[in-house]
Amino acid sequence: MSDLRPTEILLSREQIQKRVAELAAEIRRDHPNDLHMVAVLKGAFVFLSDLARYMTGPVSLDFMAVSSYAKGTTSSGQVRLLKDLDTSLEGRNVIIVEDIVDTGLTLLYLQDILRARNPKSLRTACLLSKPSRRQVDVKVEYIGFTIEDRFVVGYGLDYAEAYRNLPHIAVLNT
Ligand code: IMP
Ligand code: MG
């Protein structure tokens with residue numbers, strides 16, 4: 001029987017909101033004109049919605065879905081494309097918006113397939129990074145918070161589809 005629950009709050013709603021506003025300003029500064037943000041479902045949906053609302057000026061949005069983890073808390077290393085983008089990336093300034101970079105396998109896969117679509121530029125924004133878990137060398141230009149190797153939920157991140165709606169990020173008591 002699993003009885004995994006969010007326990008301590010790692011990042012409060014206020015800490016997250018402040019940092020996401022900073023990231024939006026930084027991304028806008030680096031992309032003053034064209035900007036196309038591509039969020040990775042489902043985990044990044046909350047991060048994207050805040051990032052988009054803190055963004056000044058025009059921005060277009062699209063979504064894709066991949067599956068990396070099954071139901072547990074460890075990476076299988078297998079990435080499957082479940083939903084592709086609706087619009088072309090040709091000549092666009094693209095930002096991949098992800099919830100968390102853990103082993104890096106999901107992101108490396110996404111960067112490879114999106115780069116092949118000839119965007120003008122391709123950068124990545126992740127709310128969280130767990131550098132101690134990295135298995136591949138993947139470049140992430142915008143990182144919200146660097147965290148320890150703990151399984152976290154909330155603000156879009158789930159455990160078996162639960163807890164995505166928490167406004168803060170909490171540690172699961174594994
Ligand atoms: P990676 O391929 O190992 O980098 O895995 C990235 C994906 O695994 C993320 O997009 C999340 O969906 C999921 N993931 C990794 N760590 C966590 C965590 O601590 N909580 C919830 N999901 C996680
Ligand atoms: Mg994800």
Side-chain angles (χ1 to χ4, degrees), residues 6 10-69 79-115 117 119-130 138-147 151-159 161-170:
L10 189 65
L11 297 164
S12 69
R13 183 203 287 254
E14 293 71 25
Q15 281 176 291
I16 297 170
Q17 293 301 316
K18 179 168 177 283
R19 186 68 188 125
V20 175
E22 288 170 2
L23 287 174
E26 207 181 317
I27 292 170
R28 184 85 272 177
R29 204 181 320 120
D30 295 345
H31 308 80
N33 302 309
D34 176 58
L35 177 58
H36 185 58
M37 297 200 295
V38 167
V40 185
L41 296 172
K42 303 175 198 166
F45 86 103
V46 179
F47 180 34
L48 177 82
S49 71
D50 280 339
L51 200 55
R53 284 177 294 176
Y54 283 119
M55 191 67 67
T56 55
V59 58
S60 52
L61 311 173
D62 205 348
F63 297 87
M64 61 195 305
V66 296
S67 76
S68 39
Y69 287 12
V79 182
R80 214 153 51 92
L81 186 59
L82 303 177
K83 183 216 173 288
D84 205 343
L85 299 171
D86 293 334
T87 53
S88 163
L89 301 184
E90 182 93 41
R92 305 293 311 271
N93 292 123
V94 177
I95 304 281
I96 301 173
V97 178
E98 243 294 39
D99 50 2
I100 184 166
V101 51
D102 186 36
T103 64
L105 292 164
T106 307
L107 213 46
L108 198 68
Y109 168 83
L110 286 173
Q111 290 179 350
D112 282 349
I113 62 165
L114 298 189
R115 200 174 289 114
R117 298 179 186 188
K120 184 174 174 201
S121 66
L122 181 68
R123 291 187 174 135
T124 303
C126 286
L127 182 72
L128 305 173
S129 172
K130 288 186 203 168
V138 63
K139 196 167 168 192
V140 181
E141 286 82 0
Y142 309 98
I143 291 176
F145 302 92
T146 296
I147 63 170
F151 197 84
V152 292
V153 294
Y155 199 74
L157 291 130
D158 74 307
Y159 171 68
E161 296 301 326
Y163 313 121
R164 292 193 195 275
N165 58 314
L166 298 177
H168 54 260
I169 287 174

Give a yes or no on this: more than 12 heavy atoms of other residues, nucleotides or ligands lie within 6.0 Å of atom NZ of Lys83.
yes
Inspect the surroundings of CZ in Arg117 and state if more than 12 heavy atoms from other residues, nucleotides or ligands are less than 6.0 Å away.
yes
Sorted by chain and number, sequence neighbours left out, side-chain contact (heavy atoms from CB on, under 4.5 Å) with Ser49 holds for Arg53
For the pair Ser60 and His36, evaluate side-chain hydrogen bond (donor to acceptor under 3.5 Å, both in side chains) and give the outcome as yes or no after the intermediate values.
CA-CA 5 Å; Ser60 52; His36 185 58; 2.7 Å; yes
Shortest non-hydrogen contact between [X] and [Y], atoms and distance:
X: Gln15; Y: Leu10; answer: OE1-O, 4.0 Å
X: Pro58; Y: Leu35; answer: O-CB, 4.4 Å
X: Gly43; Y: Asp99; answer: CA-OD2, 3.2 Å
X: Asp34; Y: Gly91; answer: OD2-O, 4.4 Å
X: Val140; Y: Val101; answer: CG2-CG1, 4.2 Å
X: Val94; Y: Pro119; answer: CG2-CB, 3.8 Å

Interatomic distance, [X] atom [atom1] to [Y] atom [atom2] [nearest 0.5 angstrom]:
X: Leu85; Y: Leu61; atom1: CG; atom2: CG; answer: 11.5 Å
X: Leu166; Y: Leu11; atom1: CG; atom2: CG; answer: 12.5 Å
X: Phe145; Y: Lys130; atom1: CZ; atom2: NZ; answer: 15.5 Å
X: Tyr54; Y: Gln17; atom1: OH; atom2: CD; answer: 3.5 Å
X: Ile143; Y: Ile100; atom1: CD1; atom2: CD1; answer: 10.5 Å
X: Ser67; Y: Leu41; atom1: OG; atom2: CG; answer: 12.5 Å

Side-chain (Arg29) to main-chain (Pro32) donor-acceptor, under 3.5 angstrom:
no
Any donor-acceptor N/O pair, Arg13 side chain to Ile169 backbone, under 3.5 Å:
no
[Y] side chain reached by [X] side chain, heavy atoms, under 4.5 Å:
X: Tyr155; Y: Val20; answer: yes
X: Glu141; Y: Asp30; answer: no
X: Val38; Y: Leu110; answer: no

Would you check, one step at a time, whether the test salt bridge (Lys or Arg N to Asp or Glu O under 4.0 Å) holds for Arg19 with Glu22?
CA-CA 5 Å; Arg19 186 68 188 125; Glu22 288 170 2; 2.8 Å; yes
NZ/NE/NH1/NH2 to OD/OE distance under 4.0 Å, Arg92 and Asp62
no
Residues Ile27, Met55; criterion side-chain contact (heavy atoms from CB on, under 4.5 Å); working and verdict:
CA-CA 8 Å; Ile27 292 170; Met55 191 67 67; 4.1 Å; yes
Checking Leu51 against Ile95 for the side-chain contact (heavy atoms from CB on, under 4.5 Å) test, could you report, in this order, the C-alpha distance in whole Å, the side-chain angles of both residues, the deciding distance, and whether it holds?
CA-CA 11 Å; Leu51 200 55; Ile95 304 281; 5.8 Å; no
Classify the side-chain pair Thr124/Gln111 by whether it contains a donor and acceptor separated by less than 3.5 Å.
yes
